[in-house]
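Along the sequence shown, residues are numbered consecutively beginning with 1. Every number for a ligand or one of its atoms is a count from 1 in the order of the listing. Because the structure is a prediction, the values reported are computed rather than measured.
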Amino acid sequence: MSARLVLVQGDITRQDVDAVVNAANSSLLGGGGVDGAIHRAGGPEILAACRALRASHYGRGLPTGQAVATTAGRLPARHVIHTVGPRWSATEDRSDLLASCYRESLRTAVELGARTVAFPAISTGIYGWPLDDGARIAVRTVRAEAAPGIEEIRFVVFDERAHEVFARALK
Ligand code: ADP
């Protein structure tokens with residue numbers, strides 16, 4: 001990995017990057033958290049593109065750990081990369097699926113020719129993943145990828161606590 005890793009506290013919908021990653025759910029039809037914010041700020045074009053995906057390749061939805069790109073509508077970004085994080089489970093280790101979200105999203109970004117990519121802390125909201133573990137998996141996974149052409153990977157976290165946790169994981 002030769003990209004620089006950057007941490008910012010803020011709103012992922014406001015990032016001026018080539019591709020923004022959405023913590024989507026498998027329906028691709030919107031939800032809360034990051035997903036809701038992206039659809040609200042990006043407008044109906046994103047939802048239309050997601051509906052088209054449901055009508056074609058992803059009739060049963062996007063499987064957990066995979067990623068797919070659409071237009072970014074009215075967002076400053078050019079693409080939204082939707083990925084479905086696993087729900088946290090106390091009885092089953094789903095870390096590989098969470099790592100897969102970061103890996104597949106980065107791969108998609110490379111395919112799109114993106115140079116800058118913004119990630120939220122996937123699964124750490126509604127899906128309940130402990131923040132410190134989620135941050136560790138995020139940082140470790142993107143560091144292990146070659147990601148040719150990617151110059152900047154930006155982690156965008158909402159609050160101060162998440163900022164502290166990610167800062168520690170990046171050290
Ligand atoms: P998931 O369902 O994968 O857990 P969420 O969207 O609920 O996804 O939350 C993922 C993380 O993103 C949480 O840490 C949450 O605090 C944070 N978050 C929520 N909204 C935004 C936003 N607009 N920009 C950046 N981060 C956000």
Roughly how far, to the nearest 0.5 Å, is CG of D133 from OG of S95?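 Taking OG in S95 and CG in D133, the distance rounds to 5.5 Å.
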Can you check which of G31, S123, A24 brings a heavy atom nearest to atom 3 (O) of ligand 1?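 Result: the heavy atom closest to atom 3 (O) of ligand 1 is in S123.
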Any N or O of A37 that comes nearer than 3.5 Å to an N or O of ligand 1?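 N/O-N/O distance below 3.5 Å does not exist for this pair.
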Option with minimal heavy-atom separation from atom 10 (C) of ligand 1, where the choices are A23, A121, C101: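 Shortest heavy-atom distance from atom 10 (C) of ligand 1: A121.
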Can you tell me how far the CG atom of D93 sits from the CH2 atom of W88, to the nearest 0.5 Å?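 Between atom CG of D93 and atom CH2 of W88 there are 7.5 Å.
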Angle between ring planes, F166 versus F155, binned at 30° and 60°: parallel, tilted or perpendicular?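 F166 vs F155 ring planes: tilted.
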Kindly confirm or rule out an N or O of G32 lying under 3.5 angstrom from an N or O of ligand 1.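 No, since none of the N or O atoms of G32 sits under 3.5 Å from an N or O of ligand 1.
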Any N or O of G33 closer than 3.5 Å to N or O of ligand 1: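 Between G33 and ligand 1, no N or O pair is found under 3.5 Å apart.
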What distance separates S100 OG from R107 CZ, expressed to the nearest 0.5 Å?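 Spacing of OG (S100) from CZ (R107) equals 8.5 Å.
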Taking atom types as modelled, is there a side-chain donor on T70 or H82 under 3.5 Å from an acceptor on the other?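 Short answer, yes.
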Got a donor-acceptor contact below 3.5 angstrom from the N22 side chain to the I81 backbone?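 Here the side-chain-to-backbone pair does not exist.
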Ignoring hydrogens, just give me the one of F119, W88, Y127, F158 whose non-hydrogen atom is nearest atom 16 (O) of ligand 1.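 Considering heavy atoms of F119, W88, Y127, F158, the nearest to atom 16 (O) of ligand 1 sits in F158.
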Using a strict cut-off of 4.0 Å, indicate which atoms of ligand 1 neighbour a heavy atom of G10.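 Answer for ligand 1: 24 (N), 25 (C).
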Once rounded to the nearest 0.5 Å, what's the spacing between atom CD of Q9 and atom CD of E164?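 Those atoms lie 9.0 Å apart.
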Looking at atom 15 (C) of ligand 1, what's its closest protein heavy atom, distance included?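 The protein heavy atom lying closest is G125 CA, 4.5 Å.
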Within 6.0 angstrom of R161 CZ, more than 12 heavy atoms from elsewhere: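 No - once you tally the heavy atoms of other residues, nucleotides and ligands closer than 6.0 Å, there are 12 at most.
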Distance from L47 atom CG to I38 atom CD1, nearest 0.5 Å?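 If we round to the nearest 0.5 Å, L47:CG and I38:CD1 are 13.0 Å apart.
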Got an N/O contact under 3.5 Å between V157 and ligand 1?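 In this structure, V157 places no N or O atom under 3.5 Å from an N or O of ligand 1.
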Of all the non-hydrogen atoms in the protein, which one sits nearest to atom 14 (O) of ligand 1, and at what distance?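 Result for atom 14 (O) of ligand 1: T124 OG1, 2.7 Å.
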May I ask you to check whether D35 has an N/O atom sitting below 3.5 Å from an N/O atom of ligand 1?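 In this structure, D35 places no N or O atom under 3.5 Å from an N or O of ligand 1.
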Out of all atoms in ligand 1, which are within 4.0 Å of some heavy atom of D11? Include the element for each.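 In order of number, 22 (C), 23 (N), 24 (N).
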How far is atom 18 (N) of ligand 1 from the closest protein heavy atom, and which atom is that?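 For this ligand atom, the closest protein heavy atom is V34 CG2, 3.6 Å.
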Once you round to the nearest 0.5 Å, how far does OH of Y102 lie from CD of E145?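 Y102 OH to E145 CD: 13.0 Å, rounded to 0.5 Å.
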Please state which protein non-hydrogen atom is closest to atom 7 (O) of ligand 1 and give its distance, to 0.1 Å?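 Protein heavy atom with the smallest distance to atom 7 (O) of ligand 1: I126 N, 2.8 Å.
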If the contact criterion is a heavy-atom separation under 4.0 Å, does G134 count as touching ligand 1?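 Per 4.0 Å heavy-atom rule, G134 does not contact ligand 1.
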Which residue and atom name correspond to the protein heavy atom nearest atom 24 (N) of ligand 1, and how close is it?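 Among all protein heavy atoms, the one nearest atom 24 (N) of ligand 1 is I12 N, 2.9 Å.
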